[in-house]
Amino acid sequence: MSGAHPFLVTSLFLCLISISTFHPTYSKLNGGFSLKLIPRDSPESPLYPGNLTVVERIQRMIKFTEARAHILDLISSSNYSTIEPNNLSLIRDSFFYMVQVGIGTPVEFQFLLMDTGGGLIWTQCQPCINCYRQTKTHIFVPSQSSTYRRLPCDHFLCHGDLPLYKCVNDECVYNIGYGGGSSTRGVVSFETFTFPLDATRTIDNMIFGCSNDNRNIQFSIHGVISGIMGLSLSPDSLVSQLADQTQRRFSYCLVPFTEAQMQPSVLRFGDTIPLPSSNVYTTPFVTPGGSNYYHLNLLDISVGMRPLMFPPGTFTARIGFSGGFFIDSGALISQLDQNLVNERNVYREVMRAFQNHYDSFHLQRLGRVPEGFPLCYKYPPEFNQFASLTYQLEGGNYVVDPKYVNFYNTQAGYFCVAMMPGTGKSILGAWHQQNMRVTYNGAINSLQFSTETCANDHP
């Protein structure tokens, strides 16, 4: 579909179509599978930037968050015609986690960036019309794979009243726009996917995008990222295609970012998701028209034990992908809307509540710090009255432990409230998901969460 992008659902109707129409074939899948979820700054990442200090790592995380926010702002606007000079870096820096999958027969292993807001899985393919630099891994050559075939134009995703894709010259093609003139185009296809955590686990007839026309996209200056793996609510995402086998369930538990070296986490699907060791809370997804993101019904926010009493509707999504509250592992630092809603500025009021809390203990307020957080204080060694943050969700409270509400620079002796202002949206980012088992459960159309020591979650 011309102008479509992975953050927008073409039609709610398509989401209700039985996913069995895809006819994926499972080989020794046994009800689930796992992938290693690799942070860009992990030593296991092909994009590893070297041994960074904690301050340098946090600065990078803020940069990634700002890039992600800018891309979301472009998506929420209707103007995709202007190509900004920094769009290449914005596209590249708006994703933080990657996975490795095998594609084709014989198998070619590729690194894909994970996107919980994206739908179609896609990778670069030869022959290229326009391809970005990919030197450390081979661009996939479909003619060399015995299991490759193209999606026929009479498939329901490419044919009918409200198709996701478009039939052009007897080929089912897609056109995904990322805003500001960046896009990927190609042929919708079938292929066999292999998961390297267990090489015997393969899926035949997976729908993916064979991308041969990429405009203004440069994911990696190192030439190793071949595309994106979408995990959204869209019917062409990985989780939707495997609904019969995994019950539309996937889960992760993010290892804390402040470890000496960032460790990979495990992205689990279906029966490989462990039973929680603590109380599980469940909150339903809400699906505002036009969004593939996992929106949640946020009722209020509390700082410490004090609810801020935001009026009903403050966090309701509005037309045009504005407003609302959603969970996004790609947004590393949580963001709160700073636009006025019901005459309230959510970001300002939450930060003021934190400031009032710490000012009451007469802590010394700091000015600008290298990490860039706006609200920071000197950290007396004996002080332990840190405030928690609670997202009061429908069905249960998501309580962020104070150790993950703040960033602590113990060497320099200060701490900062790790929050950023959002423009039109509020986002539960990865920083507030540390040591939390988060399960996207499409079987009950809900998010489930419980505390967990994520370093114990091994492949």
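Sequential numbering from 1 along the given sequence is applied to the chain's residues. Not measured: the values here are computed from a predicted model.
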**Student:** Are any of the side-chain heavy atoms of Phe109 and Pro196 separated by less than 4.5 Å?
**Tutor:** yes

**Student:** Hey, can you tell me if Phe257 and Tyr97 have their rings parallel, tilted or perpendicular (30° and 60° cut-offs)?
**Tutor:** tilted

**Student:** Here's a test for you: under side-chain contact (heavy atoms from CB on, under 4.5 Å), which of Phe325, Phe326, Tyr293 qualifies with Lys425?
**Tutor:** Phe326

**Student:** Report the relative orientation of the aromatic rings in Phe250 and Tyr294; use parallel for angles under 30°, tilted for 30 to 60°, perpendicular for over 60°.
**Tutor:** perpendicular

**Student:** With rounding to the nearest 0.5 angstrom, report the OG1 to OH distance, Thr116 to Tyr252.
**Tutor:** 6.0 Å

**Student:** Can you name the residues that form a ring pair (Phe, Tyr, Trp, His ring centres under 6.0 Å) with Phe310, not counting sequence neighbours?
**Tutor:** Phe315

**Student:** So do Cys128 and Cys125 have their SG atoms closer than 2.5 Å?
**Tutor:** no

**Student:** For His458 versus Val266, what's the shortest heavy-atom pair and its separation?
**Tutor:** C-CG2, 3.9 Å

**Student:** Look at the rings of Phe383 and Phe386 and say which category their plane angle falls in: under 30° parallel, 30 to 60° tilted, over 60° perpendicular.
**Tutor:** perpendicular

**Student:** Decide, yes or no, whether a salt bridge links Arg365 with Asp359 under the criterion of side-chain N to carboxylate O below 4.0 Å.
**Tutor:** no

**Student:** Could you tell me whether Glu382 atom CD has more than 12 heavy atoms of other residues or ligands within 6.0 Å of it?
**Tutor:** yes

**Student:** Is the distance between the ring centroids of Phe415 and Tyr358 under 6.0 Å?
**Tutor:** yes

**Student:** Yes or no on ring-ring contact (aromatic ring centres under 6.0 Å, His included) for Tyr281 and Phe449, after CA distance, side-chain angles and deciding distance?
**Tutor:** CA-CA 5 Å; Tyr281 297 92; Phe449 52 92; 5.8 Å; yes

**Student:** Considering all heavy atoms of both residues, which atom of Ser34 and which atom of Thr272 are nearest to each other, and what is their separation?
**Tutor:** OG-OG1, 3.4 Å

